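All figures in this text were calculated on a predicted structure; none of them were measured in a lab.
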Amino acid sequence: MECGVTINIHAKPEKIWSLLTNAQDFPRWNSTVQQIKGRIMLGETIKLKVPYAPGREFKLKVSTFSQPDKMVWQDGFPLLFSGVRTFLLTPKPDATTDFSMVEVFSGIMMLMIGGSLPDLRQSFEQYAIDLKTEAERS
């Protein structure tokens with residue numbers, strides 16, 4: 001199962017990257033995130049709370065951190081069930097940046113629980129809109 005979003009942002013990748021990697025500031029600008037604990041850095045584990053899963057805390061490992069263009073968060077157990085979220089920042093010639101975020105769920109447990117997973121499209125779209133709004137703020 002895969003869910004993704006892409007949006008063009010009128011800001012340089014470095015500005016967007018600084019928003020994506022500042023855990024303490026996330027809840028201020030991102031309505032799809034209630035709380036992030038930890039540091040968003042390579043090899044670190046962060047704890048994330050989101051409105052669409054009340055009472056649940058996701059523990060995510062930052063497995064790729066290639067400043068300022070790619071970051072990957074992942075959780076779970078690869079063969080059983082895992083989620084891998086990839087953030088990409090692609091600079092454009094017009095001084096804008098394409099932001100994309102894709103999450104892929106996989107593993108043998110998908111056969112049993114795949115139908116019960118929430119539809120993340122609306123949350124992903126709101127995440128991208130919130131990021132664009134904050135990055136384009138003067």
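If you chain together hydrophobic residues whose side chains sit under 4.5 Å apart, Met41 and Ile46 never meet in one group. If you chain together hydrophobic residues whose side chains sit under 4.5 Å apart, Leu60 and Val104 never meet in one group. By the criterion of side-chain heavy atoms lying less than 4.5 angstrom apart, applied directly or through intervening Ile, Leu, Val, Met, Phe, Trp or Tyr residues, Leu19 is grouped together with Trp73 in one hydrophobic cluster. Using a 4.5 Å cut-off between side-chain heavy atoms of Ile, Leu, Val, Met, Phe, Trp and Tyr, with links allowed through other members, Leu42 and Phe87 fall into the same hydrophobic cluster. Linking Ile, Leu, Val, Met, Phe, Trp and Tyr whenever their side-chain heavy atoms come within less than 4.5 Å puts Ile36 and Phe58 in one cluster.
Using a 4.5 Å heavy-atom cutoff, the side chains of Leu131 and Asn30 are not in contact. Residues Met71 and Ile40 are in side-chain contact: their nearest non-hydrogen atoms beyond the backbone lie under 4.5 Å apart. Between Val72 and Val84 there is a side-chain heavy-atom pair separated by less than 4.5 Å. Contact annotation: the side chain of Asp75 never approaches that of Lys59 to less than 4.5 Å [non-hydrogen atoms, C-beta and beyond]. In this structure the side chain of Gln126 reaches within 4.5 angstrom of the side chain of Ser31, judged on heavy atoms.
No more than 12 heavy-atom neighbours from other residues, nucleotides or ligands sit within 6.0 angstrom of CD on Gln24. Within 6.0 Å of atom CZ in Arg28, more than 12 heavy atoms from other residues, nucleotides or ligands are found, so the atom counts as buried in its surroundings. The neighbour count for Gln122 CD, taken as heavy atoms of other residues, nucleotides or ligands under 6.0 Å away, does not exceed 12. Remark: Lys132 NZ is packed, more than 12 non-hydrogen atoms of other residues, nucleotides or ligands lying under 6.0 Å away.
Once rounded to the nearest 0.5 Å, the distance linking CD1 of Ile16 with CD of Glu136 reads 8.0 Å. Note that CG of Asn8 and NZ of Lys92 are 7.5 Å apart. Values are rounded to the nearest 0.5 Å. Rounded to the nearest 0.5 angstrom, Asn22 CG and Trp29 CH2 are separated by 9.5 Å. Atoms CZ and CD, from Arg85 and Glu103 in turn, are 4.5 Å apart once rounded to the nearest 0.5 Å.
No salt bridge links Lys61 with Glu44; every basic N to acidic carboxylate O contact stays at or beyond 4.0 Å. Glu125 and Arg121 are not joined by a salt bridge, as no carboxylate oxygen comes within less than 4.0 angstrom of a charged side-chain nitrogen.
The heavy-atom pair separating Cys3 from Phe124 by the smallest distance is O-CE2, 3.5 Å. Across every non-hydrogen atom of Thr97 and Ala11, the tightest pair is OG1-O, 2.6 Å. Taking each heavy atom of Val33 and Pro51 in turn, the nearest pair found is N-CD, 4.2 Å. Nearest heavy-atom pair across Glu57 and Lys47 is OE1-CD, 3.5 Å. Thr6 approaches Ser100 most closely through the heavy-atom pair OG1-CB, 3.4 Å. Contact record, Phe26 with Leu20: CE1-O, 3.3 Å, taken as the closest heavy-atom pair.
A donor-acceptor contact closer than 3.5 angstrom is absent between the side chains of Thr133 and Asp130. Side-chain contact annotation: Gln74 with Ser63, donor-acceptor N/O pair under 3.5 Å present.
Counting only distance, with no hydrogens or angles, the side chain of Asp69 and the backbone of Leu89 share no donor-acceptor pair below 3.5 Å. Under a 3.5 Å cut-off, the side chain of Lys70 and the backbone N or O of Thr64 do not form any donor-acceptor pair.
Ring centroid separation for the pair Phe65 and Trp17 comes in under the 6.0 Å cut-off.
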